[in-house]
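Beneath this line is the structure, given in structure tokens, with notes to follow.
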Amino acid sequence: MTDPRRAIPRTDAVLAEPRVAAAVAQLGRAVVKAAVGRAQREAREGVLTPDGVVEAVLAALPPGPSSLRPVINATGVVVHTNLGRAPLSRAAARAVADAAGCADVEFDLVTGKRTQRGRGALAALRTAVPDAGDVHVVNNNAAALLLCAMVLAPGKEIVVSRGELVEIGDGFRIPDLLTSAGARLREVGTTNRTHLRDYAEAVGDGTGFVLRVHPSNFRVTGFTSAPDVGELAGLGVPLVVDIGSGLLSPHPLLPDEPDAAGALRAGAALVTASGDKLLGGPQAGLLLGEAGLVHRLRRHPAARALRVDKLALAALEATLLGPTPPVRQALEVDARRLRDRAELLVKALVEQGIDAAVVDSVAAVGGGGAPGVELPSAAVSLPERWAGALRVDRTPVVGRVERGRCLLDLRTVDPAEDERLCQAVLRCG
Ligand SMILES: *Cc1c(COP(=O)(O)O)cnc(C)c1O
């Protein structure tokens with residue numbers, strides 16, 4: 001009798017199998033070879049039959065070329081930092097794919113000469129905010145603030161209200177960021193109330209700029225007061241306004257959220273904002289304001305270290321020029337449409353014997369802005385055990401658990417994903 005282990009396929013034979021060869025092209029040889037080695041070992045140990053090796057290799061391969069998995073955000077948190085903040089529009093994703101190879105990011109195809117990096121994205125931003133004398137884009141809003149501090153306040157003071165010393169997340173704090181650039185903070189006012197005279201008394205020869213930071217992830221209510229941007233702009237030193245969420249113009253659903261155009265019109269010298277919050281684009285830091293200041297920011301040596309990459313420039317331009325990005329759609333969609341979708345999904349699930357129900361839900365903008373704004377929504381309610389199972393499904397879905405039920409909030413789910421969402425729920429049944 002021959003030893004069945006001698007029938008175990010050799011590594012090169014497994015790698016030559018067409019589906020395995022396709023995986024090598026997708027994922028790289030090392031990853032696939034490691035899976036082949038494991039399957040062969042299992043066959044030697046008798047855990048697998050030799051003719052099961054190829055299938056075992058295919059089953060063990062990682063689902064994608066990186067460890068990042070596409071996730072369906074059913075949390076009801078529109079800008080979810082842990083899920084990558086703003087999902088890109090299809091147009092922006094296409095722009096990223098186009099820019100992924102060699103692209104004319106700093107090259108003029110007509111003249112064959114070097115030209116301004118990311119000029120398309122910058123032009124789109126200028127067009128979107130005509131009140132800005134000029135614009136610049138860096139890695140993120142934290143980088144934009146850092147650059148302002150390095151250019152306008154090295155060895156000088158940044159005057160800021162005690163009510164605006166914000167921790168942005170993961171332990172990072174705006175005051176620490178600013179002092180790390182070699183500026184000193186001059187804190188004025190109190191947590192709940194700061195007056196124009198507090199600023200005026202602090203401003204002097206040693207002032208680099210006055211900073212207004214939008215409290216984007218918390219709210220102080222009650223006995224509060226702060227001067228408006230227009231008043232702060234009249235103190236005789238540059239006013240930098242960190243609006244946080246990246247609204248370029250006012251949004252009717254978010255009346256308390258500051259916007260870039262409004263801040264500039266009120267007299268801000270510079271406005272900083274994130275690209276991947278309410279703007280709905282890639283991670284980026286937007287700087288808009290007086291042309292002379294923007295020029296100085298752009299020419300500072302550190303600007304190179306804070307530079308934004310070509311993929312983000314491509315996505316930003318496509319977000320500014322292209323169709324309504326997913327964040328805006330999720331923000332603006334009518335709750336009745338969400339309810340209709342939830343009813344269709346629940347009907348399909350109940351037909352398969354699943355304990356599903358439609359419930360009203362309250363979605364939120366998220367850490368990215370507009371704290372306290374409640375967005376009426378609809379969710380599919382399931383037994384709690386679905387929450388964990390859905391996260392590790394081959395289509396990972398992240399919902400939220402409320403009072404012992406797993407809720408899948410449809411405000412943050414692209415309607416084109418409803419079918420995949422339904423299949424995932426059925427698989428976890
Ligand atoms: C989110 C936020 C930041 C940080 O922005 P990143 O783009 O994440 O660096 C800074 N300031 C405010 C007010 C914010 O809301």
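Every number for a ligand or one of its atoms is a count from 1 in the order of the listing. In this chain, numbering begins with 1 at the start of the sequence shown.
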- Query: So is I168 polar-close to ligand 1, meaning N/O to N/O under 3.5 Å?
  - Reply: no
- Query: Non-hydrogen atoms of I174 versus ligand 1: any pair closer than 4.0 Å?
  - Reply: yes
- Message: Applying the side-chain contact (heavy atoms from CB on, under 4.5 Å) criterion to L211, which one of L239, V241, L145 satisfies it?
- Response: L145
- Message: If you count heavy atoms of other groups shown closer than 6.0 angstrom to CZ of F172, is the number above 12?
- Response: no
- Message: At under 4.0 Å between heavy atoms, is it the side chain or the backbone of A142 that contacts ligand 1, or both, or neither?
- Response: both
- Euclidean distance, L270 CG relative to C148 SG, rounded to 0.5 Å: 5.0 Å
- Near G244, which atoms of ligand 1 are under 4.0 Å from a heavy atom of that residue? 12 (C), 13 (C), 14 (C), 15 (O)
- Item | Over 12 foreign heavy atoms within 6.0 Å of CZ, F218 | yes
- Message: A side-chain contact here means heavy atoms from C-beta on lying under 4.5 Å apart; do W386 and V397 qualify?
- Response: no
- Query: Does S245, backbone or side chain, put an N or O under 3.5 Å from an N or O of ligand 1?
  - Reply: no
- Could you point out which residue of R427, R420, R69 forms a salt bridge (charged side-chain N to carboxylate O under 4.0 Å, His left out) with D393? R427
- Where ligand 1 meets R85 - atom numbers and elements under 4.0 angstrom, heavy-atom basis: 1 (C), 6 (P), 7 (O), 8 (O)
- Item | Close N or O approach (D242, ligand 1; < 3.5 Å) | yes
- Query: Given H214, E164, K277, which one has a non-hydrogen atom that is nearest to atom 14 (C) of ligand 1?
  - Reply: K277
- Task: Closest by any non-hydrogen atom to atom 10 (C) of ligand 1: pick that one out of V241, T81, N141.
- Result: N141
- Query: Is a donor on one side and an acceptor on the other found under 3.5 Å between the side chain of D198 and the backbone of V188?
  - Reply: no
